[in-house]
Amino acid sequence: MLFSPGNGEKFTVSFSPGQSLNSYRAASIPQLADIKITDYCDQACSFCYENSSINGKHAEISKIYSTIDALAKMSVFEVAFGGGDPVSHPDFADIIRYTRK
């Protein structure tokens with residue numbers, strides 16, 4: 001179950017049958033991290049909540065790698081890449097390989 005304490009932070013909790021929603025235990029580390037690796041997108045979708053565009057910039061690869069390293073040290077289970085259009089990042093394949101390693 002995804003739970004939001006009301007301050008924008010979200011975390012996953014599990015409940016046993018019959019357990020009250022008031023007696024949850026939050027994970028000590030995030031299970032999932034979303035990383036925005038670019039603000040570039042050539043689709044110009046009117047519903048884009050990121051306001052990405054053809055003028056958007058790609059994140060520096062060194063900053064992406066240091067973020068991935070920090071998440072790995074915390075034992076984060078899953079990473080999602082977004083943007084803009086994440087596959088437009090010129091180093092996208094290398095980023096995927098680095099993350100998997």
Side-chain angles (χ1 to χ4, degrees):
M1 166 183 271
L2 187 64
F3 177 79
S4 177
N7 59 4
E9 295 178 11
K10 297 179 181 174
F11 52 92
T12 303
V13 295
S14 297
F15 299 98
S16 301
Q19 182 179 3
S20 166
L21 292 177
N22 295 324
S23 61
Y24 63 86
R25 193 177 113 221
S28 59
I29 58 167
Q31 292 178 330
L32 167 67
D34 290 314
I35 303 173
K36 183 176 181 177
I37 62 172
T38 186
D39 199 30
Y40 174 87
C41 185
D42 62 1
Q43 298 299 307
C45 301
S46 61
F47 54 82
C48 181
Y49 65 91
E50 293 287 348
N51 295 318
S52 298
S53 72
I54 58 172
N55 298 316
K57 307 284 186 216
H58 299 299
E60 294 176 26
I61 193 73
S62 61
K63 290 184 180 181
I64 295 170
Y65 285 171
S66 65
T67 301
I68 293 167
D69 290 342
L71 295 171
K73 285 181 184 176
M74 292 183 346
S75 299
V76 171
F77 178 72
E78 185 177 1
V79 176
F81 295 107
D85 178 11
V87 299
S88 71
H89 195 292
D91 299 306
F92 185 71
D94 292 332
I95 293 166
I96 297 300
R97 281 189 285 273
Y98 189 88
T99 305
R100 185 154 194 244
K101 181 184 89 176

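Bear in mind the structure is a predicted one, so any value in this text is a computation, not a measurement.
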Student: Parallel, tilted or perpendicular: which one describes the rings of Tyr98 and Tyr65, with boundaries at 30° and 60°?
Tutor: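 Rings of Tyr98 and Tyr65: parallel, as their planes differ by under 30°.
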Student: Give the minimum heavy-atom separation between Asp34 and Ala80, together with the two atoms involved.
Tutor: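 Looking at all heavy atoms of both residues, the closest pair is OD1-CB, 3.1 Å.
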Student: I'd like to know whether Ile95 forms a side chain to side chain contact (heavy atoms under 4.5 Å, CB included) with Ile68, so could you lay out the CA-CA distance, the side-chain angles of the two residues, the decisive distance to 0.1 Å, and finally the verdict.
Tutor: CA-CA 9 Å; Ile95 293 166; Ile68 293 167; 4.2 Å; yes
Student: Are any non-hydrogen side-chain atoms of Phe92 and Thr38 less than 4.5 angstrom apart?
Tutor: no
Student: Atom CG of residue position Leu32 - does it have more than 12 heavy atoms of other residues, nucleotides or ligands inside 6.0 Å?
Tutor: yes
Student: Could you report the tightest heavy-atom contact between Ala33 and Leu71, atom names first, then the distance?
Tutor: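 Distance-wise, the nearest heavy atoms are CB-CD1, 3.6 Å.
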Student: Please find the pair of heavy atoms, one from Ile37 and one from Pro86, that lie closest to each other, and give the distance.
Tutor: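 Closest heavy-atom pair between Ile37 and Pro86: CD1-O, 3.7 Å.
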Student: Let's go through Ser52 and Gln43 carefully: what are the C-alpha distance in whole Å and the side-chain angles of both, what is the deciding distance for side chain to side chain contact (heavy atoms under 4.5 Å, CB included) to 0.1 Å, and is it a yes or a no?
Tutor: CA-CA 9 Å; Ser52 298; Gln43 298 299 307; over 6 Å; no
Student: Which pair of heavy atoms, one from Asp39 and one from Lys36, lies closest together, and at what distance?
Tutor: OD1-NZ, 3.1 Å
Student: What distance separates Asp91 CG from Ile61 CD1, expressed to the nearest 0.5 Å?
Tutor: 4.0 Å
Student: Calculate, to the nearest 0.5 Å, the distance between atoms CG and NE2 belonging to Asp85 and His58 respectively.
Tutor: 9.0 Å
Student: Who are the side chain to side chain contact (heavy atoms under 4.5 Å, CB included) partners of Ala59, not counting sequence neighbours?
Tutor: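 Only Ile64 meet the side chain to side chain contact (heavy atoms under 4.5 Å, CB included) criterion with Ala59.
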